[in-house]
Amino acid sequence: MSEFWLISAPGDQENLQALERMNTITSKSNLSYNTKFSIPDFKVGTLDSLVGLSDELGKLDTFAESLIKKMAQSVVEVMEDAKGKVPENLLANGGLKEKMKYLKSRSYVCLDLPSFVTHFEWDMAKYPAKQPLVSVVDTLAKQLAQIETDLKSRTAAYNTLKTNLENLEKKSMGNLFTRTLSNIVSKEDFVLGSEYLITLLVIVPKPSYTKWQKTYESLSDMVVPRSTKLIAEDNEGGLFTVTLFRKVIEDFKTKARENKFTVREFYYDEKEIKREREEMSRLLSDKKQQYQTSCVALKKGSSTFPDHKVKGPLLRWLKVNFSEAFIAWIHLKALRVFVESVLRYGLPVNFQAVLLQPHKKSSTKRLREVLNSVFRHLDQVAAASILDASVEIPGLQLNNQDYFPYVYFHIDLSLLD
């Protein structure tokens, strides 16, 4: 499963034994895979500041999760026909100590998201634990806000490119009455540079092909004999050329209309056709370059390394910044566990955080019962409320879906659901 439960309990002997009991039961019953979740010793500050920080972290947690889901969806949209490779682009760049011996000159490695979470290590260089907690949270908040701002501008530019291309594609895929003709006609189809002669394009319904061949020369005076040629067709009709003297254009158009032949308003301009073709080619190239190649996930126990030959500017940006936002999100989870544990269990700071990964959806109810049984002594009221959804926690506007005897936070990696 892509679901994790991040919990904590006091670090005294009694509760360390409770954690061991939890590990034994969940392992024997095949309920979850459990690992320690390391959180550094932060500067606590005052309890009042922690209460305010708790609220801010809750909002920032929600914002971060929403942001990485938007970025994941953007990867889906950019990759289009290569959606099967989307998971390869939703990775976290983390330096696992046990992998560093393989890295040599490389400074990071691409990890699938569950591996990053289960091997989480606080990034001391980016978020120094010796700083006040408020400063650490502020750094994370600014980082996420900047990523969101950049995401909006980059996706807006990409969507504009996509819309322009779609409009050009519609013009190139319509019927003969509306579609662009730049990719149909050629210079050889026209009489060019003549002071007196001009080549027109006429759309003729398929049932009227024979009629056209018999009558086009007589629709007006001064039509060049045997000057018609079929150059394109669609389901409804064909596009024919016809050459005549310029002075009879309007008369020819009128007679053609009377016979249900449609003169297409088109005059060959080599520069304009070249410009249109180049614009289509440029837009196709620009769009294609938004996604090319991808980073290969480092599987657990593998020595496969990332492929850095990533050319697509938008996809490359999404990959890098999705990773940054995801890593920041997990750091926020760690901060929330720390703050809530101090508020719940008091000072001095002494608690143990554990990450549980339920093995399957059907086991979550049983897993919750085990945790409730093991840690009910931490908060009898909260434990009782789990059995009765109508029970409210005194002093909190929460019910049993939000509050447990132990500190609890949920991590859901189903980002594309």
Could you check whether the rings of [X] and [Y] sit parallel, tilted or perpendicular, using 30° and 60° as the cut-offs?
X: H410; Y: Y408; value: tilted
X: Y196; Y: F245; value: tilted
X: F404; Y: Y406; value: parallel
X: F240; Y: W212; value: tilted

Problem set entry | Results of side chain to side chain donor-acceptor pair (under 3.5 Å) for E195 - residues two or more places apart only |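 Applying side chain to side chain donor-acceptor pair (under 3.5 Å) to E195 gives none.
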Exercise. With E272, which residues qualify under side chain to side chain donor-acceptor pair (under 3.5 Å), at least two apart?
Worked result: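 Counting only residues at least two positions away or on another chain, E272 forms a side chain to side chain donor-acceptor pair (under 3.5 Å) with R275.
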Exercise. Rounded to the nearest 0.5 Å, what separation is found between the CG atom of L181 and the CG atom of L176?
Worked result: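 Rounded to the nearest 0.5 Å, the CG-CG separation comes to 7.5 Å.
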For this session: Apply the side chain to side chain contact (heavy atoms under 4.5 Å, CB included) test between V248 and each candidate in M222, K253, K255; give the one that qualifies.
Result: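 It is M222; the other options fail the test.
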Problem set entry | Sole candidate of T139, D138, L140 that passes side chain to side chain contact (heavy atoms under 4.5 Å, CB included) when paired with K142 |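 That would be D138.
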Exercise. Is the Y345 to F351 ring centre distance short of 6.0 Å?
Worked result: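 Centroid distance Y345-F351: not below 6.0 Å, so no.
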Exercise. Does the side chain of N175 come under 3.5 Å of the side chain of D234 through a donor N or O and an acceptor N or O?
Worked result: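 No - no donor-acceptor pair under 3.5 Å links their side chains.
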Problem set entry | Between E121 and S38: side-chain donor-acceptor atoms closer than 3.5 Å |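 Short answer, no.
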Problem set entry | R257 side chain to V263 backbone, donor-acceptor under 3.5 Å |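 Between the backbone of V263 and the side chain of R257 there is no qualifying donor-acceptor contact (under 3.5 Å).
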Problem set entry | Backbone of T155 reached by a side-chain donor or acceptor of N159 within 3.5 Å |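 Such a contact is found between N159 side chain and T155 backbone.
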Exercise. What residues form a salt bridge (Lys or Arg N to Asp or Glu O under 4.0 Å) with E258, not counting sequence neighbours?
Worked result: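 Partners of E258 by the salt bridge (Lys or Arg N to Asp or Glu O under 4.0 Å) criterion come out as none, since no residue qualifies.
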Any chance [atom1] of [X] has more than 12 other-residue heavy atoms, nucleotides or ligands included, within less than 6.0 Å?
X: K206; atom1: NZ; answer: yes
X: K229; atom1: NZ; answer: yes
X: D55; atom1: CG; answer: yes

